[in-house]
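To start, the structure under review is shown below, and the notes come after it.
The basis for the numbers below is simple: all heavy atoms, side chains too, and nothing from hydrogens, waters or symmetry mates.
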Amino acid sequence: MHKRFDHKEFEGKWQKEWKETGLYDAGTRDQNKDKEYVLVELPYPSGNLHIGHWYAFAVPDIYVRFRRMQGKQVVYPMGFDAFGLPAENAAIKRSINPREWTESNIEYMRTQLESMGNAFSWDKTTSTIDPAYYKWTQWMFGEFFKNDIAYRGEGVVNWCPHDHTVIANEQVLADGTCERCGTAIEKREMPQWKLRITNYADKLIDGLDGLDWPEHIKEAQRQWIGRSKGAEIDFKITTPQNTNVNISIKVFTTRPDTLFGVTYLVLAPEHSLVAELQTQIKNWDDVAAYVQAAKQKDDIERGDNTKEKTGVKLEGITAINPANGEEIPVYIADYVLGGYGTGAIMAVPAHDERDAAFADKFNLPVVSVITETAVLKNSAEFDGMSSEEAKIAITQKVGGQMTNTYRLRDWSIGRQRYWGVPIPIVYDPEGKAHVIPKEHLPWTLPEDVDFTPTGEPPLAKSVELKERTERIFGAGWTPELETMDTFVDSAWYFMRYMDNQNAETFASLESQKEWLPVDMYFGGAEHTTMHLLYSRFWQKALHTLGLVVHDEPYLRRANHGMILGPDGNKMSKSKGNVVDPDEQVKLVGADTVKMYLAFMGPYENSSYPWDPGGVTGLRRFLERVNGLDSHITDSKPTETTSLLHKTIKKVSDDIAEFKFNTAISAMMILMNHVEKSGLTHDSYLTFLRLLAPFAPHLTEELWHQAGNKTSIHSADFPISNPELAKDDSVTIGIQINGKMRGTITISPTASESDAMSAVASTPELAERISGAEIKKIIYVPGRILNIISGI
RNA sequence: GCUGGAGUGGUGGAAUGGUAUACACGUUCGACUCAAAAUCGAAUGCCGCAAGGCUUGAGGGUUCGAGUCCCUCCUCCAGCACCA
């Protein structure tokens with residue numbers, strides 16, 4: 001009969017003990033140890049911990065504890081990303097203050113997080129809504145503004161009509177809807193605060209090479225940035241009134257080698273030249289109608305590449321192909337995008353599918369200039385040149401520029417909402433923007449505000465903000481009314497953790513040198529082209545200003561998947577398939593929930609459905625661990641010793657690769673064995689230390705029951721002895737002519753002739769080869785014996 | 001369409017080119033019990049009474065030997081996409 005296993009009894013007890021002794025605090029840097037900074041994405045304090053938080057924080061905790069026990073000075077901080085719309089919406093709905101709502105959520109969520117029993121370094125916590133934190137967010141923005149990394153520019157923005165605010169390109173989903181609320185995004189023309197992430201496009205791509213990140217994440221960022229190499233080429237244009245107007249159209253092309261095949265140009269409908277040429281365009285009414293129609297279309301319609309091409313010829317406008325002097329027509333068409341490249345293309349219908357479709361519809365000539373072997377033809381002096389060489393040669397000849405163009409757009413960070421960091425800008429009576437000096441930071445969020453969204457920023461309603469601005473800066477000065485995108489808040493939080501009390505600077509250079517960069521960053525796949533890209537940019541921007549030591553924030557990264565409902569669907573209240581972690585913890589304990597999540601499959605990339613039966617399996621395992629001390633004996637079978645050391649190696653290797661599932665499986669195999677064969681007291685303690693990162697509460701309890709006075713989590717992780725891990729004998733497969741026919745058990749170092757005689761003394765194998773001529777024997781000691789008999 | 005990844009039992013999944021299906025769930029049978037739960041023991045890829053044969057999305061190939069490497073194709077997931 002197993003002894004009592006009551007997780008409620010000891011989990012709370014040990015959590016209290018760990019908290020009181022500050023066991024997991026990172027403290028000051030200990031130069032005798034290697035540091036290891038393990039980071040998880042800081043949560044939004046919604047007020048309720050869900051199973052995804054468990055997956056995101058409790059499973060990496062296995063790695064954290066493992067590295068601690070290996071003697072690293074591990075820091076595993078936790079904090080709160082607490083600005084954002086949910087608080088504001090809750091405030092509107094229940095007429096409460098967003099700050100009060102958020103702070104009480106933080107308080108509650110912290111107790112929930114503590115109930116997970118993770119080795120969080122709570123001494124290094126921070127919260128993005130703390131004025132002592134957002135003071136520095138504002139200060140950094142100011143530095144960026146002074147150095148022209150932040151700017152206010154006119155432009156077309158993504159407007160979410162549901163949330164009444166602008167959102168960044170990264171926050172628009174592929175189907176053109178809002179990442180937050182799913183509403184279809186509208187385009188609006190308005191001035192916007194932006195950050196020049198595009199200036200860092202090359203650095204962001206090139207920096208990926210030095211990072212130990214999974215290739216698919218790097219590739220996703222490369223594609224998001226979307227660098228293409230090509231050339232910008234000017235086409236002079238002529239008009240009826242003035243055959244030699246000094247106007248030209250700049251096009252971007254990745255194929256300057258096909259310049260002799262250009263038979264027309266196409267401008268985006270929104271191209272500025274269209275309006276400029278109004279008086280010269282004979283069919284202006286048709287053109288204007290087309291431009292108007294294009295404006296009405298949303299991105300989804302315009303992005304539909306299956307529909308037939310449309311467009312209008314600009315009658316009276318002619319361009320000159322700089323390669324051969326030929327006059328070619330100019331069109332506008334919505335398949336050319338205003339925001340990419342120069343908003344104008346040279347069309348080569350012979351070598352581009354879209355141009356071909358357009359040429360087909362409008363009966364435009366097609367001139368083939370590239371042979372099947374990628375060599376030029378119909379291209380005057382360039383005939384016979386390779387396509388690659390010609391790209392440079394032709395660009396040079398026509399006075400073009402080799403250049404890169406990017407898919408990435410500047411990051412728009414202004415939000416017409418209340419619950420965020422106020423953009424630290426004031427306008428003088430002439431309307432010129434000025435950064436608020438450091439001595440007036442934090443530039444606090446006013447309290448006298450009505451949050452009801454109207455399309456106008458809520459800060460416009462604050463009398464206090466207006467008065468504050470005039471009092472400090474003078475009469476006629478006005479405050480900026482927008483707040484920042486919350487992705488700004490989370491772009492640099494990992495630095496603040498490591499110097500969270502500093503009132504002089506956001507994080508001293510000493511603290512950066514001591515603790516940064518982040519060694520291991522666990523997080524969700526959804527942040528690949530948002531948070532992860534933004535925060536790399538932020539770091540590089542600070543780096544160019546000399547404010548940070550490192551120019552890449554995160555050395556290693558692993559993306560985890562999602563925990564789905566038992567029905568295999570994403571958990572949602574409407575589907576009624578939500579698993580409540582608090583309930584599960586009550587039922588089976590934190591150790592069981594954590595181990596179940598780790599056991600479902602490899603941690604990286606995959607999503608798994610919650611299986612209530614699977615939880616039972618891990619609970620059973622831990623109950624058996626709880627009773628394992630009844631199997632302690634004095635005898636010491638070598639078989640058990642060997643299995644123990646193999647298991648230590650397997651568990652260590654697997655944790656390092658985040659293959660927690662197979663690590664657990666190895667421990668299960670070991671336990672299945674020792675329950676039958678017994679184990680020594682020493683082996684028992686070794687087993688507990690092996691399991692400690694996975695089941696921190698139970699192992700701590702059993703460790704103390706076994707007479708230890710200090711925490712198991714301060715003990716050393718077991719080290720595998722390769723000598724002791726060796727087996728005396730091993731069962732290997734016997735193949736005859738490549739077919740598996742049986743097994744023999746033999747020493748792993750046995751000779752080929754020993755192996756053959758073992759086969760001869762195994763009747764069913766001997767029978768199969770008797771009388772046959774053996775042509776060849778392949779013997780891999782400890783693995784396989786393959787007998788080729790030629791029959 | 002492009003890029004990256006994945007297709008293995010009833011389920012989650014395991015396998016440095018070397019005994020495919022570890023471990024766990026589930027199911028079946030048995031023990032314990034008045035009974036049930038819990039627990040313990042046994043069985044469990046498929047076809048077949050058996051001998052035996054077949055099996056890692058499909059088809060080829062390389063190899064003594066392929067889930068693993070190569071080629072062609074199919075399906076699914078993720079990212080990008082009228083990006084010039």
How far, in whole Å, is [M] from [N] if one measures between their [atom1] atoms?
| N | M | atom1 | answer |
| --- | --- | --- | --- |
| C80(B) | C69(B) | C1' | 30 Å |
| U55(B) | G4(B) | P | 32 Å |
| U44(B) | A50(B) | P | 13 Å |
| G59(B) | U68(B) | P | 13 Å |
| U8(B) | C77(B) | P | 14 Å |
| C40(B) | C46(B) | C1' | 30 Å |
| C54(B) | G65(B) | P | 16 Å |
| G7(B) | A15(B) | P | 11 Å |

Searching all strands shown, indicate the nucleotide that pairs with [N] (Watson-Crick or G-U wobble; both distances under 3.5 Å).
| N | result |
| --- | --- |
| A35(B) | none |
| G7(B) | C74(B) |
| U68(B) | none |
| A22(B) | none |
| U16(B) | none |
| C29(B) | G41(B) |
| G79(B) | C2(B) |
| A50(B) | none |

Run the ring-centre check on [X] versus [Y] and record whether the distance is less than 6.0 Å.
| X | Y | answer |
| --- | --- | --- |
| Phe358(A) | Tyr331(A) | yes |
| Phe658(A) | Phe522(A) | yes |
| Tyr603(A) | Tyr55(A) | yes |

Within this structure, what is the [atom1]-to-[atom2] distance between [X] and [N], rounded to whole angstrom?
| X | N | atom1 | atom2 | value |
| --- | --- | --- | --- | --- |
| Phe358(A) | C83(B) | CZ | P | 15 Å |
| Trp224(A) | C80(B) | CH2 | P | 5 Å |
| Met562(A) | C77(B) | CE | C1' | 11 Å |
| Asp611(A) | G10(B) | CG | C1' | 13 Å |
| Arg619(A) | U39(B) | CZ | P | 10 Å |
| Arg255(A) | C82(B) | CZ | P | 20 Å |
| Tyr335(A) | G1(B) | OH | P | 21 Å |
| Ile664(A) | A14(B) | CD1 | C1' | 14 Å |

Per [X] side chain, nearest of listed nucleotides [options]:
| X | options | result |
| --- | --- | --- |
| Asp334(A) | A20(B), A84(B), C82(B) | C82(B) |
| Thr253(A) | A84(B), U19(B), U16(B) | A84(B) |
| Arg741(A) | G53(B), C83(B), G12(B) | G53(B) |
| Tyr608(A) | U16(B), G12(B), A84(B) | G12(B) |

Polar contact flag, side-chain donor to acceptor under 3.5 angstrom, [X]-[Y]:
| X | Y | value |
| --- | --- | --- |
| Asn577(A) | Asn569(A) | no |
| Tyr534(A) | Thr529(A) | no |
| Thr592(A) | His7(A) | no |
| Arg624(A) | Asn626(A) | no |
| Tyr596(A) | Asp611(A) | no |
| Tyr779(A) | Ser751(A) | no |
| Ser535(A) | Tyr554(A) | yes |

Touch class at under 4.0 angstrom, heavy-atom based, for Thr731(A) against every strand present: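 Touches a base.
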Sugar-phosphate, base or nothing in reach of Gly617(A), heavy atoms under 4.0 Å: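 Sugar-phosphate, backbone atoms only, no base.
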Please state whether the phosphate of [N], meaning OP1 or OP2, lies under 4.0 angstrom from any side-chain nitrogen or oxygen of [X].
| X | N | value |
| --- | --- | --- |
| Tyr406(A) | C83(B) | no |
| Ser665(A) | G13(B) | no |
| Arg620(A) | A38(B) | no |
| Asn672(A) | A22(B) | no |

If every non-hydrogen atom of [X] is compared with every non-hydrogen atom of [Y], which pair is closest and at what distance?
| X | Y | result |
| --- | --- | --- |
| Ala758(A) | Ile746(A) | CB-CD1, 4.5 Å |
| Thr263(A) | Pro365(A) | OG1-O, 2.9 Å |
| Ile744(A) | Ala755(A) | CD1-O, 3.8 Å |

Check RNA chain B against residues 643-663 of chain A and give the residues with a non-hydrogen atom under 4.0 Å, in numerical order.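 Listed by number, they are Lys659(A), Asn661(A), Thr662(A).
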Every protein N/O lying under 3.5 Å from an N/O of nucleotides 2-6 of chain B:
from, atom 1, to, atom 2, distance (Å)
U3(B), O2', Gln223(A), NE2, 3.3

First of Ser606(A) and Lys676(A) reached from the 5' end of RNA chain B, by closest nucleotide: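 Nearest-nucleotide comparison on RNA chain B picks Ser606(A).
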Assign each of Pro602(A) and Gly782(A) to its nearest nucleotide of RNA chain B by heavy atoms, then name whichever residue's nucleotide is nearer the 5' end.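 Comparing both residues, the 5'-ward one is Pro602(A).
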Scan nucleotides 64-66 of chain B against the protein and return all N/O pairs shorter than 3.5 Å with their distances rounded to 0.1 Å.
from, atom 1, to, atom 2, distance (Å)
C64(B), O2', Asn786(A), ND2, 3.0
C64(B), O2, Asn786(A), ND2, 2.6

With syn defined as a glycosidic torsion within 90 degrees of 0 and anti otherwise, which applies to G9(B)?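 Base orientation relative to the sugar is syn.
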List the steps, then state whether side chain to side chain donor-acceptor pair (under 3.5 Å) holds for Ser729(A) with Ser747(A). CA-CA 4 Å; Ser729(A) 67; Ser747(A) 156; over 6 Å; no
Would you mind telling me which of Thr647(A), Asp654(A), Asp653(A) makes a side-chain hydrogen bond (donor to acceptor under 3.5 Å, both in side chains) with Lys650(A)?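 Filter result, single survivor: Asp654(A).
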